[in-house]
Student: 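For reference, the structure I am asking about is given below.
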Amino acid sequence: MPMNKEFVGNANNLSSVEAPSVRIFLDHHYPNALVKALRDSGIDAVNALELGMQSSTDEEILEYCRRELRAVLTNNHGDFAQIARDWSIGNRTHSGILYTSDSSLPRTIANATQIVRRVELLIATIPPGSDLQDQQRWL
């Protein structure tokens, strides 16, 4: 994935800084407050509802995320893990899958801050200019 750069400073003193390389797509079962909290923390995030994708299949979502270079955040481990396996066998790539579990990190408005914190920590572990291509991670 090409590196995203942001320029900071004034017109006389611009410096290049690596922009976060992970962009997030939230599956339809997360509260809208979470996409707002991610954006408020500076993370490029969209959700299925605002894109009119709440009825899209999991494979359609993963394909959209592949085209848009977004990692999907989902609670649907069983289906997405199977699709990722099938795609791997077929030499297809995806842009990353992040999982949460209702037992350890329920998808509630009350947990939005904790989910954002875990996404931020994950992003902090990714080298500049890198991404989550073909990776699956638990938050």
Side-chain angles (χ1 to χ4, degrees):
M1 178 172 137
M3 289 187 281
N4 296 326
K5 296 204 181 234
E6 292 179 342
F7 292 92
V8 294
N10 60 40
N12 297 323
N13 182 21
L14 289 177
S15 63
S16 173
V17 176
E18 295 296 328
S21 57
V22 176
R23 300 167 59 211
I24 306 293
F25 174 96
L26 282 77
D27 207 350
H28 69 277
H29 43 249
Y30 290 93
N32 287 333
L34 179 55
V35 76
K36 181 183 180 329
L38 286 163
R39 288 176 182 158
D40 287 349
S41 74
I43 296 169
D44 182 339
V46 297
N47 67 13
L49 184 62
E50 70 188 338
L51 297 175
M53 296 181 68
Q54 62 273 20
S55 298
S56 297
T57 67
D58 295 336
E59 191 152 357
E60 289 169 339
I61 288 171
L62 203 56
E63 176 59 29
Y64 170 83
C65 290
R66 184 197 62 76
R67 284 192 320 269
E68 296 296 318
L69 302 175
R70 290 187 180 277
V72 63
L73 176 62
T74 185
N75 192 293
N76 189 353
H77 175 263
D79 291 342
F80 277 93
Q82 182 62 52
I83 294 167
R85 276 191 295 278
D86 293 345
W87 281 25
S88 178
I89 291 167
N91 291 319
R92 291 179 71 187
T93 62
H94 60 80
S95 294
I97 306 170
L98 306 176
Y99 299 111
T100 60
S101 166
D102 279 338
S103 61
S104 62
L105 189 61
R107 352 169 217 146
T108 63
I109 293 171
N111 281 332
T113 301
Q114 187 175 6
I115 293 170
V116 169
R117 189 172 317 121
R118 290 187 187 190
V119 170
E120 289 172 332
L121 289 171
L122 172 69
I123 290 172
T125 68
I126 300 170
S130 296
D131 56 30
L132 291 171
Q133 183 174 329
D134 295 326
Q135 295 182 41
Q136 298 179 65
R137 306 258 189 111
W138 284 92
L139 292 183

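Everything numeric in this text was worked out from a predicted model, so none of it was measured. These values consider heavy atoms only, across backbone and side chains, with no hydrogens, waters or symmetry-generated copies.
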Student: Once side-chain hydrogen bond (donor to acceptor under 3.5 Å, both in side chains) is applied, do any residues pair with D86, and if so which ones, sequence neighbours excluded?
Tutor: Q82
Student: Check whether more than 12 heavy atoms from other residues, nucleotides or ligands sit under 6.0 Å from atom CG of L49, and answer yes or no.
Tutor: yes
Student: With D27 as reference, evaluate N76, T100, T74, N75 under the side chain to side chain donor-acceptor pair (under 3.5 Å) test and give the passing residue.
Tutor: T74
Student: So how far is it from C65 SG to L132 CG, rounded to the nearest 0.5 Å?
Tutor: 11.5 Å
Student: Let me confirm one number: the OG-NE2 distance from S88 to H94, rounded to the nearest 0.5 Å.
Tutor: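 Reported value, rounded in 0.5 Å steps: 7.5 Å.
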Student: Working note: Y30 + L73, criterion side chain to side chain contact (heavy atoms under 4.5 Å, CB included); need CA distance, chi angles, decisive distance, verdict.
Tutor: CA-CA 9 Å; Y30 290 93; L73 176 62; 3.9 Å; yes
Student: Please, which pairs that meet salt bridge (charged side-chain N to carboxylate O under 4.0 Å, His left out) have at least one residue in residues 66-79, sequence neighbours excluded?
Tutor: D44-R70, E63-R66, E63-R67
Student: Using a 4.5 Å cut-off between side-chain heavy atoms of Ile, Leu, Val, Met, Phe, Trp and Tyr, which other residues end up in the same hydrophobic cluster as I83?
Tutor: F25, V46, L51, M53, I61, L62, Y64, V72, F80, W87, I97, Y99, W138
Student: Identify the heavy atoms of E59 and R92 that sit nearest to each other, and give their distance.
Tutor: OE2-NH1, 3.3 Å
Student: Can I43 and E120 be said to form a side chain to side chain contact (heavy atoms under 4.5 Å, CB included), step by step?
Tutor: CA-CA 8 Å; I43 296 169; E120 289 172 332; 3.9 Å; yes
Student: Let me confirm one number: the CD1-CD1 distance from I115 to I24, rounded to the nearest 0.5 Å.
Tutor: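 Reported value, rounded in 0.5 Å steps: 11.5 Å.
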Student: Please determine if R39 and E50 form a salt bridge, counting it only when a charged side-chain N lies under 4.0 Å from a carboxylate O.
Tutor: yes
Student: What pair of heavy atoms forms the shortest contact from N111 to P106, and how long is it?
Tutor: ND2-O, 2.9 Å
Student: Heavy atoms only: give me the nearest Q136-A84 pair and the separation to one decimal.
Tutor: NE2-CB, 3.4 Å
Student: Distance from R107 atom CZ to L34 atom CG, nearest 0.5 Å?
Tutor: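 One finds 11.5 Å between CZ of R107 and CG of L34.
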